[in-house]
Amino acid sequence: MPVSLVPSQQELLRIAPEIILALAGTLIMVLAPFSRRRTDNRFGYISLGALLAAGAAALAADQHRGTAFHLMIEVDGFATFFRMLVLGVGLLTALVSFAYLRREQAEPGEYYALLLYSVAGQSLMAAANELIMIFIGLEISSISSYILAGYLREDLRSTEAALKYFLLGSFATAFLLYGVAWIYGMTGSTHLSEIRAALTVAAPAPSELLVAVAAAMLFAGLAFKVSAWPFQVWAPDVYQGAPAPVAAFLSAGPKAAAFAVFLRVFLTAFEPAASRWAAFVWWSALVSMTLGNLAALVQSNIKRLLAYSSIAHAGYVLVALTAHSEAGASAAMFYLAAYALMNVGAFAMVAHFSRRGERYVEVDDFAGLAVTQPAAAALFAVFLLSLIGVPPTAGFFAKFYVFKAALDADLTGLTVLGLLNSALGAYYYLRILVVMYMREPGEAAAAAPSLPASMKATLWICAVGTMLLGVWPTLILGFADRAAAMVR
Amino acid sequence: MNAVPLSWYLILSAVLFSLGVAGFLIRRNIITVFMSIELMLNAVNLSFVAFSYQFRQADGHIFSFFVMVVAAAEAAVGLAIILALVRTRRTLEVDEVSLLKF
Amino acid sequence: MLHLWLIPAFPLAGFLVNGLLGRRASKAFVNAVGVGSVVLSFLWVLKTLAALGPLETPHVERYFTWIESGDLRIGFDLVADRLSAVMMLVVTGVGLLIHVYSIGYMAHEGGYYRFFAYLNLFMFFMLVLVMAANFLLLFVGWEGVGLCSYLLIGFWFLKKSAADAGKKAFIVNRIGDFGFSLAIYLVVVHFGTLDFDAVFSAVASRPVDSGAGLLAVIGLLLLVGATGKSAQVPLYVWLPDAMEGPTPVSALIHAATMVTAGVYMTARCAPIYLHAPLAMEAVAWVGAITAFFAATIGLAQHDIKKVFAYSTISQLGYMFLGAGAGAFSAGIYHLVTHAFFKALLFLGAGSVIHALGGEQDLRKMGGLRKHTPVTFWTLLCAAVAIAGVPPFSGFHSKDAILLAAHHHSPVLYWIGVITAALTAFYVFRAIFLAFFGDYRGDPHHHPHESPPVMTVPLALLALLSLAGGYFPVPAWLAPMFPASEQGHDVLLVAISVVAGLAGIAAAWWFYVARPGLADRVAARLGVFYRLVYNKYFVDEIYAAAVVRPVVEGSDRLAWRGMDVGVIDGMVNGVAARAQRAGAVLRQIQSGNVRSYAAWVLFGAVLVIVAFGFWGGWQ
Amino acid sequence: MDAVLFLVFALIAVTCAANLVVQTHPITSALSLIGVMGSLAVLYLLLGGEFIAAVQVIVYAGAIMVLFVFVIMLLNAGAERPAGRSFVARYLGVPVLVIFLGLLSYVIQSRLPASEAVRFGEFQGGAPAEVGRLLFTRYVLPFEVTSVLILVAILGAIVLGRKEL
Amino acid sequence: MTLLNLCLALPALGFLLILAIPGHNHRAIRATALAVSLLVFGLSLGLAVRFDAAWPGYQFVTDVPWIPSPAIRYHVGIDGLSLWLVVLSTLLTPVGVLVSWRYIDRRVKEFYALLILMESGLIGVFVALDLFLFYVFWEVSLIPMYFLIGVWGHERRIYAAVKFFLFTMAGSVLMLAAIIYLYTQAATFDYPAILSLMAAGRLRFSPLEETLLFVGFFLAFAIKVPLFPLHTWLPDAHVEAPTAGSVILASVMLKMGTYGLLRFCLPLFPEASREHAPWIAVLAIVGIIYGALVAMVQPNMKKLVAYSSVSHLGFVVLGIFSFTRLGLDGAVYQMLNHGISTGALFVLVGFLYERRHSLEIADYGGVATPAPNLAAAFMITTLASIGLPVLNNFVGEYLVLQGTAQVNFRWTVFAAIGIILSACYMLWLYQRAFFGEARPEVRAHVSDLNPREWAAILPLIVLMVWMGTATRTFLPAIGAANARILEQTQQNVEFHVHRLAPTSGASAEVLRAR
């Protein structure tokens with residue numbers, strides 16, 4: 001067959017966001033050695049620009065949907081949704097990092113470059129339609145996040161987080177790969193649609209058990225990335241140790257991208273075998289929620305608390321996945337978007353409040369913040385309430401859609417347990433609110449610096465977004481609905 | 001007795017994978033732990049190549065090629081992380097890297 | 001329209017004016033409003049009754065719908081019939097005298113305006129009670145007078161005993177009201193209305209309840225209400241304590257009017273009782289037992305007001321006895337005469353207390369005949385009336401009751417006779433102790449006669465006590481109740497009169513002729529005397545059997561046990577368990593990478609098993 | 001012949017891998033790993049993977065492992081101290097690992113088409129030409145994208161390896 | 001129709017307005033809060049005036065789409081049931097503002113902002129006709145209260161606030177589950193639409209489904225009411241809350257639960273409601289007696305009043321689950337009554353606290369001497385609370401018990417015991433606090449009511465008398481709404497009526513005649 005090595009313009013357009021990000025990353029990387037000023041924000045601006053441009057490109061690509069590069073990439077509504085989501089997370093993370101890097105005296109150049117690369121990897125994952133492509137996207141995203149987690153290399157916690165993340169991440173990746181190998185062995189393909197076809201129409205059909213084991217290994221690899229039970233162990237340590245903006249990024253970006261893959265793989269490729277995996281996802285969802293919430297109850301470090309809560313939230317998204325329906329997919333998408341807004345907001349607040357060297361990261365340090373900085377406290381409160389799932393915030397609608405999808409799929413028991421879980425989860429978020437609003441200001445809150453402009457911008461964007469989605473969820477939901485319809 | 005069943009390769013792969021896992025579980029030197037991961041990746045590669053034989057396709061080879069690239073990248077980054085860690089902690093004992101817990 | 005509503009409205013207006021403005025107003029103003037409103041009310045009663053004439057049929061006036069829900073409509077309706085006419089006259093008439101008396105009695109008390117406001121409010125509710133044309137409105141008055149009783153008993157609220165007594169009165173009454181209200185609910189459930197005429201005509205069309213049927217239940221529940229308000233066994237305990245209130249209050253509320261509400265209500269519900277012999281029987285026996293029981297306690301009291309209080313309870317028992325024996329008109333008759341002589345007894349007692357500067361203990365009185373002659377003579381009038389000495393008022397009404405009782409059951413008659421003797425004894429005991437012999441009180445205090453504003457009402461009441469028996473109450477009421485044929489048995493009359501006279505004689509013997517004998521007899525009687533002296537320890541028994549268990553139980557079992565212990569314990573337990581679970585779960589997060597890897601591996605195996613061997617095998 | 005070759009190199013691979021696991025000194029482990037890689041390269045050849053066998057030796061055993069050895073030397077890593085502290089890894093991990101291996105073996109043995117047998121030389125699609133063709137047609141995007149991965153790796157090494165702060 | 005929307009929107013605007021005022025300008029903040037709340041009250045009176053009591057359906061309806069998928073509508077409207085509850089909310093908010101005037105002296109801006117915001121949520125709960133919208137308002141009203149208790153409360157405020165939040169949250173998530181499930185069956189959240197689907201027989205639930213859904217709704221409401229044994233959050237919340245918080249909590253927030261029972265539980269799940277009525281009624285009665293008994297032994301005034309609320313609300317629940325017109329009317333009336341009289345009690349207790357800085361009854365005694373007007377106001381409120389005729393509570397209690405008597409006389413007997421007990425605890429409280437010789441510290445600190453305090457308490461006292469006598473102002477509208485609700489619960493549940501009927505045949509007769 002005659003093949004052209006030169007990709008068409010359309011194909012290039014369909015990967016334009018990744019190209020832009022990679023180029024911008026490289027540009028920063030090249031420029032970085034020429035600027036050794038720690039307070040340099042230029043790279044930040046470059047990356048903001050790149051992210052915005054990539055967003056525009058993603059939207060442009062959405063106008064020309066279709067596959068590219070031999071079915072490696074498929075630009076559809078789903079891909080665009082997640083691309084925009086991870087780009088948005090990248091944008092917010094970049095904004096949070098402005099002040100943070102300056103404060104921590106860390107070099108901004110490589111940081112932003114890594115961030116852009118990581119986002120590029122996630123963006124690829126969102127659009128990838130083939131396991132190898134997914135794998136490479138995942139690795140780009142992961143390896144850059146390993147480094148980002150250890151970016152404060154003088155900091156014991158940061159390096160430890162990086163090491164743990166790296167070792168366990170690679171460990172899980174090995175499982176993922178093993179699964180890919182087996183899938184390839186069963187179906188002769190790594191392309192999602194072909195796998196699906198092989199599972200449904202191929203004769204002789206591959207052994208169910210083998211497929212199941214392969215799917216299980218894939219599940220292990222992906223569940224690790226989204227920190228769902230029973231692969232959640234790494235998350236608390238890494239979130240706690242990583243620099244706060246990075247933790248914000250980890251909890252939203254890679255997670256969203258991994259979920260995108262999760263949805264694609266399990267709702268397209270393995271959809272025919274749903275009877276095999278749905279039962280376990282049910283348990284995974286339930287245990288993730290419960291375990292995350294219970295363990296969060298007893299945390300005193302706010303980053304660690306948010307990490308456990310992130311496990312719980314992964315559980316909620318898995319509830320949507322358990323439903324394995326279109327509604328479930330769109331609910332999961334909405335949830336991830338909402339979660340990104342509120343969780344990045346919350347971590348941003350932590351990043352700002354913690355001061356140099358992240359000294360103030362205990363929940364109790366926030367005592368009386370509402371007195372000394374009412375506006376900041378109110379913004380934080382919005383995020384926390386949204387994390388609880390109180391209307392009219394995005395978090396509420398996110399939970400609502402998830403559980404609606406679950407009920408549509410007759411998952412009554414899981415719904416009830418999930419909702420009870422969200423009541424349980426309310427407790428530890430409330431504790432932060434309590435400390436912030438109902439205690440007298442402590443040393444940390446009394447000396448809290450005022451919000452720098454970039455931080456203010458992040459917090460306001462997140463808060464307004466959270467509230468906006470809480471009042472007009474359709475802003476995103478319609479998008480998600482249409483996108484979800486196309487996953488299959 | 002000339003032909004080896006494909007499943008032997010796969011079982012070998014599984015055994016090597018498991019040994020890699022065992023290394024991760026048992027070894028305490030961070031570098032050795034890391035090498036165990038490399039062992040696991042190698043085991044996966046064996047599977048890829050074996051399956052590739054089954055389909056008489058070269059795709060599996062491509063995959064293992066990519067795996068090697070990834071392994072290389074991981075090695076570079078991983079060793080850099082280990083270097084950074086050792087610089088601050090002066091230890092290679094993985095058990096001593098447990099500041100963050102509970 | 002005769003504007004019946006004005007009758008209660010005047011005192012209500014008086015209450016509002018005095019209540020809102022009285023604190024800053026002069027005493028004269030307060031008097032004018034307080035007494036004037038009752039005068040107006042009394043006059044309006046007279047005018048109304050004159051206009052209504054013989055009242056062959058009840059005159060009902062309907063004003064507005066008070067409560068309407070579904071098919072149930074309860075109006076603010078007032079009725080004037082022969083029964084309520086009697087009551088209106090008694091209430092406004094005696095009430096007026098007592099108001100006037102109060103001007104003198106309360107002259108030196110603080111909260112003067114408050115006192116008159118409360119009295120006016122009481123008049124309002126009492127009039128609503130007697131004029132109500134349906135059960136619920138009657139209940140309004142019923143509760144309202146209870147409230148005023150509470151407020152007035154506790155008038156001197158700085159005194160703990162007064163506040164306690166008020167509270168006790170209210171709560172014990174509430175227990176009675178509990179029964180009354182249940183009766184109301186049953187009436188509505190079964191008759192669909194609360195209007196007297198509709199209910200009673202429906203009752204009339206039913207067969208007589210032979211056993212414990214619906215009407216009997218209603219009747220008994222009403223009786224529970226009546227025992228509360230009219231201080232009958234077993235709910236009489238509040239009335240003696242109620243003497244903590246100012247004496248005019250005792251006279252008006254706890255002798256003449258409010259406490260008779262139960263009798264009035266029983267008479268009002270005569271159609272029900274007549275269809276429920278069981279309930280009738282209960283009424284009679286409750287009355288008889290109370291009459292005797294209270295009389296015995298009255299024998300040994302030293303507080304002059306307490307003596308009269310037990311006397312009131314006893315006399316109310318008489319009225320119930322009459323009603324229960326079927327002689328409703330006799331009961332009401334006695335109610336009227338009792339209003340005269342018991343009000344007089346209390347006001348006289350008040351005059352004595354006033355004369356002695358607040359002393360109420362009979363043992364510290366004596367020889368007051370000389371110091372307070374008007375009081376003495378008027379009190380004596382009351383005493384002969386209550387003792388049933390012919391031809392004074394008590395004789396007539398008591399006889400009517402005893403005759404009916406005998407007709408009903410001779411046992412009841414004999415109880416009545418013995419009670420009559422006891423009554424004569426303790427009343428004259430009080431008179432003799434107070435007015436005869438030598439003054440035993442504080443020698444530095446010089447007793448003085450009360451001012452005319454107090455003595456004039458006394459005199460008027462004395463007149464009524466003596467001649468009140470000639471009001472043709474039974475005849476007037478006869479059309480209201482089925483005639484109970486009572487042959488006028490001279491022997492029975494004679495026996496009761498003799499009993500009364502014997503009581504007087506005994507009292508004279510013990511307290512005038514042979515002073516000191518009483519104490520010796522008391523000492524001889526020992527246990528029995530102590531029992532009576534301590535009022536049979538009923539209050540103590542109630543406290544130990546009801547009050548303390550309830551309070552302690554609520555505290556220990558309900559609050560600290562159930563609420564704090566069990567429920568909150570469970571809630572906190574769940575919370576603690578969740579915390580503990582969290583604390584256990586976090587242990588997984590040991591911080592050790594190798595164990596994390598073990599968990600990941602464990603998870604992978606779990607997933608493989610789940611996907612491979614569990615999911616699809618069904 | 002095939003069987004003998006397979007068995008010999010499989011045995012070497014397993015032995016070396018086991019040695020990696022039991023040795024306490026990282027250098028010994030590294031050398032064992034190189035042994036595993038070498039024998040795997042032979043097995044690749046048996047499976048028709050000429051290109052991949054070569055890459056295995058050159059890149060993996062040659063480059064990556066050298067990096068490892070270099071770092072071990074750099075850090076002057078000595079033998080592990082005894083007394084490991086992970087209870088979970090030993091008493092949960094090891095038994096579970098046995099189950100894991102048992103499961104996989106069972107699944108492979110029972111479900112995989114048993115007829116398939118590997119004969120050396122029967123499949124020759126793994127020659128560099130074929131691999132290269134695939135790499136630049138069908139897998140061109142992943143191939144290009146790996147460049148980003150390499151960039152990330154470089155960047156990471158720079159960031160983390162840089163000494164001054 | 002714009003009137004109702006204004007009632008909803010104005011407080012929200014007021015919230016923003018107050019946020020815009022500089023935090024140190026306390027006077028302006030208070031004035032704004034008062035003005036806004038009075039304005040809203042005025043508007044709600046407009047609602048009451050223009051309300052057509054004869055028309056049983058919803059009035060002032062606004063129905064516009066909010067979210068297309070799933071179809072969630074901004075559908076609001078009021079009937080006789082919600083009308084007075086809305087007015088109650090708008091009345092008590094200015095009262096809350098007035099009683100906080102001096103009481104709240106720190107973080108004034110936030111306090112008033114939250115208070116006014118809460119009003120919006122409360123009104124929303126009572127007017128929402130879309131289940132989803134209802135849930136949103138339900139939750140929205142929760143947050144400000146949480147802060148009011150937690151920030152401006154007393155010593156154990158945090159415990160109380162968290163307990164309050166978690167109890168309510170635990171209930172409401174179950175309700176959310178039920179609401180969503182309902183949606184999956186009915187494909188709409190629109191409440192009237194769901195009812196008409198049910199009436200047309202196009203929406204049916206199996207008994208199990210219905211029971212589970214019922215329980216989902218019921219638990220949420222029962223916690224809010226609170227029904228024994230889910231009541232333990234209430235005493236803590238009340239004791240720790242600032243006066244305004246207690247007032248709003250007791251007067252309005254608890255009514256959200258009973259309102260929900262009546263508005264949603266009964267019509268949506270008529271069979272389940274009837275089937276479970278017996279044990280719910282028993283719980284209500286246990287609550288009545290138990291609440292009263294526990295109230296009796298409380299050493300803390302607010303706790304006493306809080307437990308008395310448990311007792312009073314028991315009557316409401318009992319009335320609702322009597323399924324009689326009288327019971328329902330009484331229950332609704334009792335909601336309003338409790339709002340007024342218990343609200344007033346909390347206001348007065350708040351006044352005492354402002355003077356003496358203690359809630360322990362033992363720290364008072366003889367207050368009547370230095371503060372006769374306060375004592376008089378407290379007395380009237382006490383009397384209203386214990387159900388004295390011509391004051392408001394009597395009417396409600398009477399109707400409830402009368403309605404209950406039509407169904408099961410034994411319930412009435414036990415419930416009526418609560419009325420005896422109410423006199424015990426309230427009068428005992430009154431005696432201990434107000435009677436007796438005034439102690440020196442009482443004399444030193446306690447003064448009589450000032451004009452601001454009069455302004456807060458007088459309207460409530462006037463209402464107590466008004467509602468006790470002129471019931472026709474309120475009852476027709478309530479009755480019309482209840483008749484409709486009762487009708488909705490009677491579809492295809494005839495046979496249950498007989499099963500519930502009392503032992504004596506006569507009352508069944510009466511019931512059938514109705």
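Below, each value reflects all heavy atoms present in this structure, side chains not excepted, and no hydrogens, waters or symmetry copies.
Under the side-chain hydrogen bond (donor to acceptor under 3.5 Å, both in side chains) criterion, C/S590 pairs with C/S595, sequence neighbours left out. In terms of the ring pair (Phe, Tyr, Trp, His ring centres under 6.0 Å) criterion, residue partners of C/Y150 (sequence neighbours excluded) are, by chain and number, C/F170.
Within a 6.0 Å radius of CZ in D/F70, no more than 12 heavy atoms belonging to other residues, nucleotides or ligands are found. By the 6.0 Å contact criterion, NZ on C/K160 is open, its count of non-hydrogen atoms from other residues, nucleotides or ligands being 12 or less.
Considering only heavy-atom pairs separated by less than 4.5 Å from chain D, the leading option among C/V593, C/I608, C/V605, C/V600 is C/V605.
Taking 4.5 Å as the heavy-atom cut-off, none of the residues of residues 10-19 of chain D approach chain C.
Here the shortest heavy-atom pairing between C/A598 and D/G93 reads CB-CA, 3.8 Å. The minimum heavy-atom distance linking D/F100 with C/L601 is given by the pair CG-CD1, 4.2 Å.
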Let me check something: any side-chain donor-acceptor pairs from residues 39-53 of chain D under 3.5 Å, sequence neighbours excluded? List them with distances.
unit_1	atom_1	unit_2	atom_2	d
D/S39	OG	D/G35	O	3.0
D/S39	OG	D/V36	O	2.9

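In this structure, CD1 on D/I99 lies 9.0 Å from CZ on C/F602, to the nearest 0.5 angstrom.
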